[in-house]
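In what follows, a structure is listed as structure tokens, so that the remarks can point back to it.
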Amino acid sequence: MRSLLMKNPLTIGVSWIGLYLLLTVLPLLILLFYPPTPSDTRTFWIEFSVALGFLGLAMMVLQFALTARINRVEASYGVDLILQFHRYTSIVAFGFILLHPVILFIDQPETLQLLNFFQAPWRARFAVIGTLALIVLIVTSIWRKQLNIPYEPWRILHGIMAVLAVGFGLAHALGVSYYLSLFWKAVLWGGIALVALWLLVYIRLVKPWMMLRKPYLVETVTPQRGDVWNLVLRPRGHEGLRFQPGQFAWITLQISPFRMREHPFSFASSAEKPDRIEFGIKALGDFTKTIKDVKPGTKAFLDGPYGVFTSDRYENTAGFIFIAGGIGITPIYSILLTLADRDDERPLTLIYSSKTREDITYREEIEALKDRLDLTVIHVLREPPDNWSGESGYVDKELLKRYIPKRPATRNYFICAAPKMMDQVEQALHDLDVPVTHVHMEHYNLV
């Protein structure tokens, strides 16, 4: 029983959340050991503001771990959920850190003179610098697109501001030294900062070095329907990348992986053939529109695999319902190819929403898979031709009700589409009594 619980994704996920909360409050709790002598000038609100400052600092340090793409953590949630958690907890940490001086100024108005940057003690100046770095980090992250900041420069700026915020924040705490006056406490918090620094070094140096040792070459770039291109890679000097169908990897093309100009794309090939890896890429942005011009022989580097949007996690299910919209077919196509190569006999249903008939990516390839799988395909067109006899409009509750089994809990449901469609399908499945634990979604906009 214990073994089964430890393999349960929900149990593992809850365990990681518990560990996160523990690591957030543990450094604060340790400060309470051998506390300094109480002072009449330190009111409850002063102590409360200090606690918020330490909590915010600990949370900022943990942000480095959340973005380090640690496989054990990522395998419990998926990169998309971890990045969402990272964004929200960064805002909470920012709130805690900002409340720290605000409460101090309200409780002791004379401390406002610490904002006089050139006359304030160095520890106060460090606090100002760290806070300003954090404000820049938050503002440029939330409003990056509105500020027209390209992704690659923003990512470099993001890393620099994060290091400045944590570094100057810790220096401020050490400078005040009220709770860090004991040597071992200062060493503990210094060690926490060093862990964050190591994670940054791991992301910026160690991972790119590992990628550099396993290069790939572009074999070909093949056009698909729906303005999609399949980027085909072959490993050079190694066996290739083992992945699970439905996962994705970060790709670096033509340049060194140390340049940190990488982009996430879903695998569009069978997991049973790691010596020939394909990615389905829709021409949407500045980078993706150049994929068709990539020449054979171009070097590529992969960081992955990542993602929990995979049928391999649900081997005991009686079958699968796949619901795709547009380029969201890519990870599902990889799952179908893999199941075909494994001679899977379970019943499969694909509900695929497209704008027009010509936009149905992998249309012929999916049709051919019917000969190898127990596969039912339902195409839903938003703009059907006059002679169209299939489904039209949107994937709503009534449409799903016609195609999902009468006992919906006997299947696992995989949804990958635009956010609006996924939200609507998720609500419809909920209304149709599909267990929430049987619904799996992939958000493909990670940047």
Does a salt bridge link R234 with E278, judged by any charged N lying under 4.0 Å from a carboxylate O?
no
Tell me, with the steps shown, if T252 and R261 meet side-chain contact (heavy atoms from CB on, under 4.5 Å).
CA-CA 6 Å; T252 301; R261 289 174 57 186; 5.7 Å; no
Over all atoms of both residues, closest heavy-atom pair of T140 and L137
OG1-O, 3.2 Å
Has H238 got a side-chain atom pairing as donor or acceptor with P215's backbone, closer than 3.5 angstrom?
yes
D341 and R372 ion-paired at < 4.0 Å:
yes
When rounded to the nearest 0.5 angstrom, what distance separates CD1 in I103 from CD in E47?
12.0 Å
Would you indicate whether the side-chain heavy atoms of F94 and I135 approach each other to under 4.5 Å?
yes
Quick one: do R382 and Y394 satisfy side-chain contact (heavy atoms from CB on, under 4.5 Å)? Show the steps, please.
CA-CA 7 Å; R382 296 191 298 279; Y394 296 90; 3.4 Å; yes
Quick one: does W229's side chain get under 4.5 Å of V294's, heavy atoms only?
no
Return the CZ to CZ distance between R236 and F301, rounded to the nearest 0.5 Å.
9.5 Å
For Q146 versus I142, what's the shortest heavy-atom pair and its separation?
OE1-O, 4.0 Å
Beyond-backbone contact of V206 with M210, side-chain heavy atoms, under 4.5 angstrom
yes
Note, T349 side chain near F320 side chain (heavy atom, < 4.5 Å):
no
R342/D312 ion pair, N-O < 4.0 Å:
yes
Return the orientation label for the F414 and F322 ring planes: parallel under 30°, perpendicular over 60°, tilted otherwise.
tilted
Here the gap from S269 atom OG to F279 atom CZ, rounded to the nearest 0.5 Å, amounts to 7.0 Å
With Y352, which of T361, I332, V380, I323 fulfils side chain to side chain contact (heavy atoms under 4.5 Å, CB included)?
T361
What closest approach, in Å, do A271 and T338 show between heavy atoms, and which atom pair accounts for it?
N-OG1, 2.9 Å
For P274 and L241, which heavy atoms make the closest approach, and how far apart are they?
CB-O, 3.3 Å
Strictly distance-based, threshold 3.5 Å: is any side-chain N or O of K299 a donor or acceptor partner for the main-chain N or O of L253?
no
Are the aromatic ring centres of F243 and F248 under 6.0 angstrom apart?
no
Considering all heavy atoms, the nearest Q247-P305 contact:
OE1-CB, 3.4 Å
Hey, does the side chain of T220 reach the backbone of T222 with a donor-acceptor pair shorter than 3.5 angstrom?
no
Within a reach of under 6.0 Å around CZ of F44, are more than 12 heavy atoms found that belong to other residues, nucleotides or ligands?
yes
Verify side-chain contact (heavy atoms from CB on, under 4.5 Å) between W154 and S141, making sure each step is shown before the conclusion.
CA-CA 8 Å; W154 167 81; S141 297; 3.5 Å; yes
Partner of L339 under side chain to side chain contact (heavy atoms under 4.5 Å, CB included), picked from P245, S311, S270, S334, is S311
Indicate yes or no: at least one non-hydrogen side-chain atom of K207 is less than 4.5 angstrom from one of I203.
no
Looking only at side-chain N and O atoms, does Y314 offer a donor or acceptor that is under 3.5 Å from a partner on H438?
no
Give, for atom CD of E272 and atom CZ of R242, the distance between the pair rounded to the nearest 0.5 Å.
7.0 Å
For R213, all residues meeting side-chain contact (heavy atoms from CB on, under 4.5 Å), sequence neighbours excluded
W209
Return yes if a side-chain donor-acceptor contact under 3.5 Å exists between Q427 and D423, otherwise no.
no
With distance as the sole criterion, is a donor-acceptor pair present between the side chains of Q63 and S90 under 3.5 Å?
yes
Any chance the side chains of N230 and Y362 put a donor and an acceptor closer than 3.5 Å?
yes
What's the verdict on side-chain contact (heavy atoms from CB on, under 4.5 Å) for E239 and D275, showing C-alpha distance, side-chain angles and the deciding distance?
CA-CA 6 Å; E239 295 180 353; D275 60 331; over 6 Å; no
Surrounding CD of E315 (heavy atoms of other residues, nucleotides or ligands, distance under 6.0 Å), is the total greater than 12?
yes
W388 atom CH2, neighbour heavy-atom count above 12 within 6.0 Å
yes
Can we say R357 and E383 salt-bridge, meaning some charged N sits less than 4.0 Å from an Asp/Glu carboxylate O?
no
Out of curiosity, M441 CE to M422 CE, how far, rounded to the nearest 0.5 Å?
6.0 Å
With sequence neighbours excluded, give me every salt bridge (Lys or Arg N to Asp or Glu O under 4.0 Å) pair touching residues 399-416.
E391-R402
Should T131 and L98 count as side-chain neighbours, where that means a heavy-atom distance under 4.5 Å?
yes
Rounded distance (nearest 0.5 Å) linking atom CG of L57 with atom OG1 of T24:
11.5 Å
Could you tell me which non-hydrogen atom of N412 sits nearest to which non-hydrogen atom of T437, and how far apart they are?
OD1-O, 4.3 Å
Any donor and acceptor pair, going by atom type alone, linking the side chain of Y403 with main-chain N or O of V377 inside 3.5 Å?
no
Do I281 and I327 make a side-chain contact, defined as non-hydrogen atoms from C-beta onward lying under 4.5 Å apart?
no
Would you call the rings of W198 and Y202 parallel, tilted or perpendicular if under 30° counts as parallel and over 60° as perpendicular?
tilted
Quick one: does R346's side chain get under 4.5 Å of D374's, heavy atoms only?
no
